[in-house]
Amino acid sequence: MTIIHAPASFAVSVVIPTLNASRTIAAQLDALSRQVEAPDFEVVIADNGSSDATLSTASAFEDRISLRIVDASGTKGASYARNVGAHNSTAPVLAFLDADDVAAPGWLGAMHEAATSYPGALLFGQLDYKELNSEGVLAAYRYSDPAPCSVSSSRPAVRDIDPFSVTLPGGNFAIPADVWRSLDGMRVDFPYGAEDAELGFRAAENGFRTFAVPGAVVHCRLRGDARSIFSQQRAWARARARLAASEPRERLGSPGVKSSFAVVAKSVATGIPRAIATRSVGALANDMGISVGRLEGALAAKAQRYRR
């Protein structure tokens with residue numbers, strides 16, 4: 001494993017977990033090299049065992065940003081990679097991005113400004129879906145008319161929010177390094193799709209406040225084919241159901257088995273005719289993934305209750 005050494009005095013460590021991200025990581029690193037009004041920062045690539053050109057592609061940015069690559073292949077999963085990246089970071093503030101997204105020019109400046117103004121808080125930015133995705137993909141995800149997203153130099157106001165009313169975006173949040181350590185980072189045993197939300201809930205339960213930072217914009221890349229959409233939405237819904245089962249019901253509303261079966265049936269009954277009429281299976285894959293994942297999560301939660 002190649003390790004690129006960087007100086008040790010930074011205001012923010014940007015942690016990016018990677019796994020076979022050679023096609024997208026260059027765009028993210030290029031965006032970081034073009035940040036405006038940003039503090040001194042390092043980028044820590046936590047590689048989860050890539051077998052493609054991810055590492056050589058990332059290494060090419062060594063002369064443009066302070067960059068380190070660390071081996072995070074010990075356990076599969078983004079949570080483990082984020083934990084390894086955070087452990088190898090040197091700054092007092094950790095900021096997290098995904099390898100397939102693109103940070104807007106003012107992303108890091110907005111995050112650092114909020115971290116300075118609200119020390120000890122968990123911060124999350126805004127996701128924009130229009131920049132990197134076609135109209136067809138947006139329609140498949142039901143994002144056909146997403147809310148407008150401002151990336152102007154005048155930053156919207158930071159807001160103190162109820163941490164249980166939102167889902168922390170794993171690819172656009174920041175947290176003080178000491179708070180991260182006090183929480184023992186992300187749970188590696190928690191399934192993909194809700195590990196970030198679980199961290200947000202756990203932070204709130206331990207007394208840490210949560211703030212939304214609208215000026216910290218990340219352009220999010222969605223999955224583009226029906227199979228990938230189905231797999232992603234299924235995993236997210238399954239993990240969300242597990243999270244709901246582990247939290248008080250009044251926070252999330254844990255799905256029941258009967259209602260989940262009903263949702264699957266409705267998705268089939270309405271989704272297939274719509275897919276035939278529109279000659280598009282993307283929305284069907286989205287709806288079926290959510291429905292099947294929700295049902296699987298409800299069944300797993302019920303089985304867990306019986307085992308107790």
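Scope of the values below: all heavy atoms of this structure, side chains included, with no hydrogens, waters or symmetry mates.
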I need the minimum non-hydrogen distance between [X] and [Y], along with the two atoms involved.
{"X": "Asp52", "Y": "Thr54", "value": "OD1-OG1, 2.6 Å"}
{"X": "Ser13", "Y": "Glu42", "value": "OG-OE2, 2.5 Å"}
{"X": "Gly77", "Y": "Asn48", "value": "N-OD1, 2.8 Å"}
{"X": "Val44", "Y": "Ser89", "value": "CG2-OG, 3.7 Å"}
{"X": "Leu122", "Y": "Ala174", "value": "CD1-O, 3.6 Å"}
{"X": "Arg294", "Y": "Ala237", "value": "N-CB, 3.6 Å"}

Next item on the list: Please assess Val102 against Arg221 for the test side-chain contact (heavy atoms from CB on, under 4.5 Å), listing each intermediate value before the final yes or no.
Entry: CA-CA 8 Å; Val102 174; Arg221 194 186 309 273; 4.2 Å; yes
Checklist line | Intermediate values then yes/no, side-chain contact (heavy atoms from CB on, under 4.5 Å), Met111 and Val12 | finding: CA-CA 9 Å; Met111 277 296 194; Val12 180; over 6 Å; no
Note to self: Would Val43 and Ile16 count as a side-chain contact (heavy atoms from CB on, under 4.5 Å) here? Give the steps.
What the structure shows: CA-CA 7 Å; Val43 177; Ile16 305 177; 4.0 Å; yes
Student check: side-chain heavy atoms of [X] and [Y] closer than 4.5 Å:
{"X": "Asp160", "Y": "Tyr118", "result": "no"}
{"X": "Ile45", "Y": "Leu29", "result": "yes"}
{"X": "Leu168", "Y": "Phe201", "result": "no"}
{"X": "Arg34", "Y": "Pro105", "result": "no"}

Check: What residue among Thr18, Leu19, Val70 forms side-chain contact (heavy atoms from CB on, under 4.5 Å) with Asp47?
Finding: Thr18
Next item on the list: Look at Arg187 together with Asp189 and state whether they make a salt bridge at an N to O cut-off of under 4.0 Å.
Entry: yes
Check: Can Arg23 and Asp100 be counted as an ion pair, charged N to O under 4.0 angstrom?
Finding: no
Notebook entry, point to check: Does Gln35 reach the main-chain N or O of Trp107 with its side chain, forming a donor-acceptor pair under 3.5 Å?
Noted result: yes
Checklist line | Arg223 and Ser228: side chain donor to acceptor below 3.5 Å | finding: no
